[in-house]
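Quantities reported herein were computed from a predicted structural model and do not represent experimental measurements. Position 1 is the first residue of the sequence; numbering continues from there.
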Amino acid sequence: MIEPPLPAPPGVPPPREAAVDARLPVSARTGRFLVLLGVFICAACGLVYELELVALGSYLIGDSVTQASVVLSVMVFAMGIGSLAAKRLRCRAAAGFGMVEALLALVGGCSAMALYAGFVWGGEARALLVTFSLAIGILIGAEVPLLMTLIQRIRRQDAGGAVADLFAADYVGALVGGLAFPFLLLPLFGQLTGALLTGAVNAVAGGALVLWLFRRDLTRRSRRLLLFVNVTVLALLAAAAVLVDDFERAARRAVYGADVRVAVQTDVQEVVLTGPPAGPLNLFLDGRLRVSGRDEHRYHEALVQPAMAGRHGRVLVLGGGDGLALREVLRHPGVRRVDVVELDAAVVELARRDPALAALNRKAFDDPRVRVVHADAFQWLRGAARGAYDVVISDLPDPGITASTKLYSQEFFGLAGQALAPGGRFAVHAGSASTRPRAFWTVDASVRAAGLATVPYSAGGRLAGFAAGPDRGAAAPAPRDWGFVLAGRSRPGLGLDPSYRYRSLSEGVLRAGARAVERTRVAVGPSTLVHPRF
């Protein structure tokens with residue numbers, strides 16, 4: 001870093017800025033603006049790489065809190081290493097910055113594909129996640145000392161003012177990158193193509209800044225080398241972008257098998273529908289198996305039917321965009337209206353239009369008694385009328401998923417209880433009672449803390465090989481059952497509606513499930529009432 005000028009003698013006001021001969025092709029003012037613009041673009045790209053690693057790590061490994069903590073902590077640590085390492089490059093700041101940006105564009109742009117490939121074909125994503133976080137962090141950390149030197153080459157000023165200008169451009173760029181990732185890159189391009197496009201922008205911005213603005217600071221050999229490196233990086237990113245669709249198809253076949261029928265990235269999640277034309281289908285949401293056509297009837301009957309053993313004219317289904325819980329509700333005579341609150345409109349559309357899924361849910365969404373609302377269940381319940389529903393069914397993602405935390409909290413269950421009419425029943429999926437008893441009993445405790453009386457029970461028959469989606473850690477055993485909690489303002493009876501004929505349930509099965517979960521009871525303290533980390 002170039003040192004600021006010495007203080008002026010007493011009585012002589014020091015100049016605020018001193019011009020430096022930087023041999024620029026433009027004026028010093030324009031050159032300074034272009035450097036700050038480069039800082040802005042590079043900062044936006046750097047934050048996109050960071051968010052990309054967090055999002056893909058959460059998708060592939062699970063537990064978004066842990067993955068975000070790992071990526072952020074490793075990257076911040078690595079940025080410190082990069083800043084120290086860049087001190088050796090200040091004597092050739094322009095060439096050093098150009099090379100750093102080219103490497104950052106290549107590593108950051110290809111990080112998503114490499115991480116996905118390592119997970120799919122190598123069975124490992126954690127080590128790669130840390131490796132890319134470390135590499136990208138080092139390269140991002142090296143930017144600031146080099147940029148500080150370059151901006152002082154244009155117009156020397158006090159170090160505090162230069163740092164303030166650089167950090168202002170850096171933070172504004174980070175804001176733009178942070179907003180562009182979820183609202184622009186993911187919806188329009190997806191994770192893999194979005195990362196490649198970001199790398200290309202990064203390479204062009206860094207290369208243009210050095211090769212044009214500071215070209216007179218480079219030797220002829222350095223200019224040729226940087227030009228070759230940047231062209232090579234852009235060519236590699238372009239080739240990867242051309243092949244990304246084939247790569248994704250091959251990766252999906254490796255993860256989900258050869259019978260992938262539908263694969264779409266919605267505004268909320270990745271939706272994959274698999275299965276042969278004449279065989280059972282499987283529905284994956286963000287890589288987790290949500291529905292298996294071979295055993296889903298056991299789950300949905302066990303979730304819905306005990307809650308329907310009573311008055312059920314007005315029913316609320318929270319989640320359930322696949323229409324399968326709705327199918328079970330509509331089988332009962334006396335149902336006058338069903339409201340379905342589903343966040344992802346694309347899942348509902350798939351359940352309406354896909355022939356196999358529509359056949360499985362018996363075209364439940366075409367029933368005139370059904371009204372669909374696309375909203376967050378928690379926020380929607382805040383505005384729901386008190387006592388509006390005889391039955392509330394919570395068919396939401398597994399309680400072990402971090403993103404579902406608020407949907408298994410005491411506050412959420414309290415809102416669901418307020419929506420119940422007198423004598424109404426509330427049924428919630430609570431995870432596996434046999435393999436994750438602490439999670440199961442935490443849900444039960446949270447429902448009780450919300451002021452509802454509970455009857456916990458489980459249903460067996462969960463088929464081996466259809467219990468979970470792609471591997472997210474061999475340490476977690478495959479669930480062997482489904483656990484549920486039936487609740488009401490007074491303790492409901494665990495029975496079935498005698499007017500309905502069941503495929504797999506009976507009073508004996510329900511009683512056995514209730515006895516089985518009692519044998520798994522574990523201690524749950526007050527601090528765990530609102531969804532701990534499982």
Side-chain angles (χ1 to χ4, degrees), residues 38-39 41-57 60 67 70-86 89 95-120 122 124-147 170 173-174 177 180-181 185 189-210 225-244 247:
V39 174
I41 296 174
C42 292
C45 294
L47 195 64
V48 169
Y49 300 144
E50 184 177 327
L51 296 174
E52 184 71 42
L53 289 176
V54 171
L56 199 55
L60 297 177
Q67 308 319 317
V70 168
V71 171
L72 294 177
S73 58
V74 170
M75 287 191 72
V76 170
F77 167 75
M79 287 168 65
I81 297 176
S83 295
L84 291 174
L89 300 175
F97 179 75
M99 191 62 68
V100 165
E101 290 308 303
L103 289 174
L104 181 58
L106 181 62
V107 174
C110 295
S111 60
M113 288 186 70
L115 194 62
Y116 200 23
F119 170 79
V120 171
E124 176 57 49
R126 291 181 177 85
L128 283 174
L129 183 68
V130 173
T131 300
F132 276 104
S133 300
L134 189 64
I136 293 173
I138 289 174
L139 294 170
I140 291 176
E143 290 176 335
V144 173
L146 299 177
L147 286 166
D170 184 85
F181 179 72
L185 292 176
F189 303 103
Q191 288 183 324
L192 304 187
T193 305
L196 294 170
L197 180 62
T198 302
V201 172
N202 198 166
V204 170
L209 184 67
V210 172
L225 178 60
L226 283 176
L227 182 62
F228 172 78
V229 169
N230 277 275
V231 170
T232 302
V233 168
L234 288 172
L236 290 173
L237 293 174
V242 171
L243 298 173
V244 71
F247 172 85

Residues 226-243, side-chain donor-acceptor partners within the protein, below 3.5 Å, at least two apart:
residue : atom : partner : partner atom : Å
Asn230  : ND2  : Leu226  : O            : 2.8
Thr232  : OG1  : Phe228  : O            : 2.7

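The heavy-atom pair separating Ala135 from Val107 by the smallest distance is CB-CG1, 4.2 Å. A pairwise comparison of heavy atoms in Leu60 and Leu115 identifies CD1-O, 3.8 Å as the closest pair. Considering every non-hydrogen atom in both Ala114 and Leu128, the closest pair reads O-CD1, 3.7 Å. The minimum heavy-atom distance between Phe132 and Ser111, with the atom names listed, is CD2-CB, 3.6 Å.
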Exercise for review: Applying side chain to side chain contact (heavy atoms under 4.5 Å, CB included), run through Tyr49 and Asn202 and close with a yes or a no.
Suggested key: CA-CA 11 Å; Tyr49 300 144; Asn202 198 166; 3.1 Å; yes

**Study point:** Stepwise side chain to side chain contact (heavy atoms under 4.5 Å, CB included) check, Arg126 with Val70
**Key:** CA-CA 10 Å; Arg126 291 181 177 85; Val70 168; over 6 Å; no

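The structure places CG of Leu47 at 8.5 Å from CE of Met75, a figure rounded to the nearest 0.5 Å. One finds the CG atom of Leu146 at 9.0 Å from the CD atom of Glu101 (value rounded to the nearest 0.5 Å). How far CG of Leu192 is from SG of Cys110: 10.5 Å, rounded to the nearest 0.5 Å. The CD1 atom of Ile138 sits 10.5 Å away from atom CG of Leu84, with the distance rounded to the nearest 0.5 Å. If you take OG1 on Thr198 and CG on Leu51, they are separated by 10.0 Å, rounding to the nearest 0.5 Å. To the nearest 0.5 Å, atoms CD (Glu52) and SG (Cys45) are separated by 12.5 Å.
Residues Leu104 and Glu143 have side chains in contact (heavy-atom distance under 4.5 Å, counting atoms from C-beta outward). You'll find the side chain of Ile136 stays beyond 4.5 Å of the side chain of Glu50, heavy atoms only.
Under the side-chain contact (heavy atoms from CB on, under 4.5 Å) criterion, Val120 pairs with Tyr116, Ala251, Ala254, Val255, not counting sequence neighbours. In this structure, the side-chain contact (heavy atoms from CB on, under 4.5 Å) partners of Ser83, at least two apart in sequence or on a different chain, are Pro145.
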